[in-house]
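Index from 1, following the sequence. Whatever order the structure lists them in is the order used to number ligands and atoms, beginning at 1.
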Amino acid sequence: MALSPAPRTGVHDEISALRRVMVHAPGPELERLTPDTREELLFDEVLWRDRAQAQHAEFTSLLRDEGVEVLELAVLLADLVAEPALREEILRRALDPAVLGDIAVQDLHGALAQLSPRHLVDVLIGGITVGELRALGVSLRSIALHGAPPEHLVLDPLPNHLFTRDPSAWIGDVVSVSAMRHPARRRESLHLEMIYRHHPQFAGEAAPRRLVGRDGAGAATVEGGDVMMLSSRVLAVGMSERTSAVGVERLAADLLADGSVERVVAIALPHRRSMMHLDTVTTVVDEESMLRFGPLEPLETFEIERAGERLLSRARPADEMDAVLARGLGVPSLRVLTPPLDAYAAAREQWDDGCNVLALAPGRVIAYERAAATNEYLRGEGVEVLEFAGDELGRGRGGPRCMSCPVARD
Ligand SMILES: NC(=O)NCCC[C@H](N)C(=O)O
């Protein structure tokens with residue numbers, strides 16, 4: 001891996017100048033989305049690959065034009081699997097006998113161990129079918145795959161890698177590796193964990209101080225779209241369709257134990273697909289302002305702090321939500337930016353990721369162009385909005401914040 005040394009890393013809030021970001025340009029995995037697979041793969045439609053790739057390229061060129069260094073997840077992963085020991089660890093952990101069966105794991109392992117790094121990454125992210133394995137010369141002995149048709153997916157694709165926000169999140173100089181709620185996304189976290197642990201881009205000065213988070217499908221789930229640095233000392237976490245209360249308590253315990261943050265604010269979101277993560281309904285746009293979905297009811301929050309050896313949680317009634325958020329941001333009062341839309345228009349723009357903006361700097365954000373009314377309103381409020389077409393990408397239900405994992409802000 002002949003790579004230049006990486007700059008210092010860390011994310012201490014949501015808005016300071018964005019320096020480095022990890023993204024994933026969608027690839028062959030999108031072609032596995034069909035009317036029959038899309039729901040389990042957490043997409044609302046089948047996507048047009050070429051258009052999605054072109055729109056993603058527009059997104060990354062906007063970022064580069066702003067001076068942001070863009071790291072491509074698939075490139076980093078290909079560097080890792082070029083190293084035999086790391087390839088072996090990734091295969092061992094990605095090919096789970098409890099999911100695939102022991103004989104299928106043997107069949108797959110033998111075939112995948114031979115592939116070029118780039119081809120292997122295409123398989124790890126794009127999945128592989130019975131027919132494709134046979135084309136590699138594998139004679140399948142798995143009982144679980146006996147009689148399976150050529151199009152049967154032996155290893156599932158990971159089309160949600162597009163949303164790099166979710167499988168990991170930087171909290172200051174700590175990385176939370178997500179325990180994802182749905183099986184369709186669990187292998188994504190393994191890739192991120194391996195990249196942070198082993199890639200030279202995250203070594204030395206650029207290494208996370210530590211990784212927190214857990215593998216597996218227990219009750220303690222946390223996804224990055226729910227994780228929001230209000231300030232360097234206060235973390236907000238949505239308790240959502242994806243992130244559980246148990247997950248928040250465990251994350252808070254980890255972070256508060258060594259003073260990585262002083263307070264964790266848990267926000268009790270409704271459990272709905274349209275607002276699966278905190279960042280689908282609200283995002284921070286400058287030091288004192290949050291863009292917010294208008295019809296969102298005030299929500300109950302919990303402020304978690306450490307008192308000696310114990311964790312202390314204080315429930316705050318819904319009508320105190322803005323005061324709790326203001327305290328987290330460290331400002332006297334919160335400026336809530338809610339586009340003046342009727343209930344229909346507000347719901348439609350929120351569904352199309354209108355509230356999911358990515359801050360490049362205080363008061364300067366990237367948004368999808370189709371959130372036209374929200375963007376116009378933000379401009380009227382003095383926020384600079386850079387737009388790009390994301391209608392094809394948005395069919396996976398994620399916007400610019402979901403498609404980016406900041407790894408360094410000033
Ligand atoms: N932070 C986000 O809201 N990410 C969007 C994730 C969309 C993806 N299709 C999912 O359902 O997990």
Select one of side chain, backbone, both or neither to describe which atoms of [X] lie under 4.0 Å from any atom of ligand 1, heavy atoms only.
{"X": "D166", "answer": "side chain"}
{"X": "R273", "answer": "side chain"}
{"X": "L42", "answer": "both"}
{"X": "M276", "answer": "side chain"}
{"X": "R242", "answer": "side chain"}

Taking [Y]'s backbone N and O only, do any of them form a donor-acceptor pair with [X]'s side chain (distance below 3.5 Å, no angle check)?
{"X": "S178", "Y": "D166", "result": "yes"}
{"X": "S142", "Y": "I103", "result": "no"}
{"X": "R316", "Y": "T301", "result": "no"}

Can you find an N/O atom of [X] closer than 3.5 Å to an N/O atom of ligand 1?
{"X": "R185", "answer": "yes"}
{"X": "G396", "answer": "yes"}
{"X": "R397", "answer": "no"}

Under a 4.0 angstrom heavy-atom cut-off, which atoms of ligand 1 come close to [X]?
{"X": "T280", "result": "3 (O)"}
{"X": "F163", "result": "5 (C), 6 (C), 7 (C), 8 (C), 9 (N)"}
{"X": "D279", "result": "1 (N), 2 (C), 3 (O)"}

* To do: Looking only at protein heavy atoms, identify the closest one to atom 3 (O) of ligand 1 and say how far it is in Å.
  => H277 ND1, 2.8 Å
* Asked: Who's the nearest protein heavy-atom neighbour of atom 8 (C) of ligand 1, and how far?
  -> N160 OD1, 3.0 Å
* Interatomic spacing from CZ in F202 to CE in M194 - rounded to 0.5 Å -> 14.0 Å
* **Polar side chain donor-acceptor pair, H161 to H191, under 3.5 angstrom** => yes
* CA sep, side-chain torsions, deciding dist, call: D410, S16, side-chain hydrogen bond (donor to acceptor under 3.5 Å, both in side chains) -> CA-CA 6 Å; D410 276 355; S16 292; over 6 Å; no
* Asked: Yes or no on salt bridge (charged side-chain N to carboxylate O under 4.0 Å, His left out) for E69 and R20, after CA distance, side-chain angles and deciding distance?
  -> CA-CA 5 Å; E69 186 191 354; R20 296 179 97 199; 2.9 Å; yes
* Is the F388 ring parallel, tilted or perpendicular to the Y368 ring (thresholds 30°, 60°)? -> perpendicular
* Asked: Of D122, L136, V138, L115, which meets side-chain contact (heavy atoms from CB on, under 4.5 Å) against I128?
  -> L136
* With a 6.0 Å cut-off on ring centres, are Y196 and W170 close enough? -> yes
* Determine, using heavy atoms of E223 and all atoms of ligand 1, whether some pair is separated by less than 4.0 Å. => no
* Among G238, G225, C402, whose heavy atom sits nearest atom 2 (C) of ligand 1? -> C402
